[in-house]
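First up is the structure itself, then whatever we jot down about it.
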Amino acid sequence: VGELAGTMAMVTVNLHAVTSWVGITRLFAVVLSCIAFSLVASTGDFKGSYGTWCMFTWCFCFAVTLLVLVLELLELYPKLPLSWDDFTSAFSMLAALMVFTTSVVFPSIFIGSPCSSSKCARQAVATTVSFLCFFAYALEVGLTRTKPGDISSFLSTVPGLLKVFEAYVACLIFSLLEPYNLKAGLQWCVAVYSICFIITFLIIIFTIGRCLTYMPCPLEKMLVGYNTLALMMYITATVLWPFYSFQEGKRPNTCGRNCWWDKDLGVTFLTIFNLIAYLVDLVYSTRMVFIRAP
């Protein structure tokens, strides 16, 4: 009983966690994500892989953001064996990307035209709330991003946020790949997506887990080398994927809604997005090494 009382006495309440701009933004994200999944759950229409993904996104972001608020409110996060600033920055960026994707996918799959029923109205409101939730997370990313020259929290910098973006886009690419025998050129593209995803994901995990000190070379120099290699690999994928995927020409007339041609086109655009991300990442990483803030 005495130990329990001592532990409770050590727990303090930090009201700044919910009264600061970042805290208020997180409170809005919690409320909005809760409203979104509650409205969709009330319709009962969220079956299939896309519906499951949308519900998972809202519930996951709601739960983790609420956990972050509680840990900061009770000042328990310093006891965790991780870099808290890096973790919250990476999560807010990931949540913004996930909620944005969900806000686009959900209405395109589940809302039809004309939209006149009560069920459709709730789905439309859920979509609007989801977009507002995305803006809340995007605002949190902007509020927590470190100033140029400060690399004390790597995942709060532009290169760190781009790492989360690159890993997420790679996951979207994997979700669009068809499970059939690929040509040699397409197999190389899949290898590019996989290798870059694994290395990027490890950088994120090592940063959050405070393992970067065990690396044999400074992070900034390692990023320049890796981003250069990843950029060259993505350039090849940007050329090879559409070249081998669209040799038959236009979209087949027999293609339905879940057409392989549409998925290959999606992979093409996502590859270009990641190519641009790695290019910007390389520019910022180079500036971190060769241009020091006074």
Validation row: Arg122, Ser42 side chains within 4.5 angstrom (heavy atoms): yes
Donor-acceptor contact present, side-chain Ser130 to main-chain Ala126, <3.5 Å: no
Residue among Ile173, Val169, Ile235 satisfying side chain to side chain contact (heavy atoms under 4.5 Å, CB included) with Thr271: Ile173
Side-chain heavy-atom pair Thr19, Ile24 within 4.5 angstrom cut-off: no
Sub-4.5 Å side-chain heavy-atom contact between Thr268 and Phe246: yes
Test item: Tyr137 side-chain N/O and Cys61 main-chain N/O as donor-acceptor pair under 3.5 Å: yes
Taking every non-hydrogen atom, the tightest pair across Thr88 and Glu140: O-OE2, 4.3 Å
Enclosure of Phe174 CZ (heavy-atom neighbours >12, cutoff 6.0 Å): yes
Linked, directly or transitively: Trp84 and Leu74 (ILVMFWY side chains, under 4.5 Å): yes
Met98 to Phe60 - nearest heavy-atom pair and separation: CE-CD2, 4.0 Å
Considering all heavy atoms, the nearest Leu186-Leu240 contact: CD2-O, 4.3 Å
Asp86 to Leu155 - nearest heavy-atom pair and separation: OD1-N, 2.9 Å
Close aromatic pair by centroid cut-off 6.0 Å: Phe37 and Phe62: yes
Phe201 atom CZ, neighbour heavy-atom count above 12 within 6.0 Å: no
Exam field: side chain Tyr226 to backbone Cys196, donor-acceptor pair closer than 3.5 Å: yes
Euclidean distance, Leu80 CG relative to Leu71 CG, rounded to 0.5 Å: 6.0 Å
Distance flag, aromatic centroids of Trp53 and Tyr50, threshold under 6.0 Å: no
Exercise: identify the closest heavy-atom pair between Asp85 and Ser156: O-OG, 4.0 Å
Test side chain to side chain donor-acceptor pair (under 3.5 Å) applied to Thr57 and Thr52, Thr102, Thr101, the passing residue: Thr102
Smallest separation among heavy atoms of Leu223 and Ser285, with atom names: CB-OG, 4.0 Å
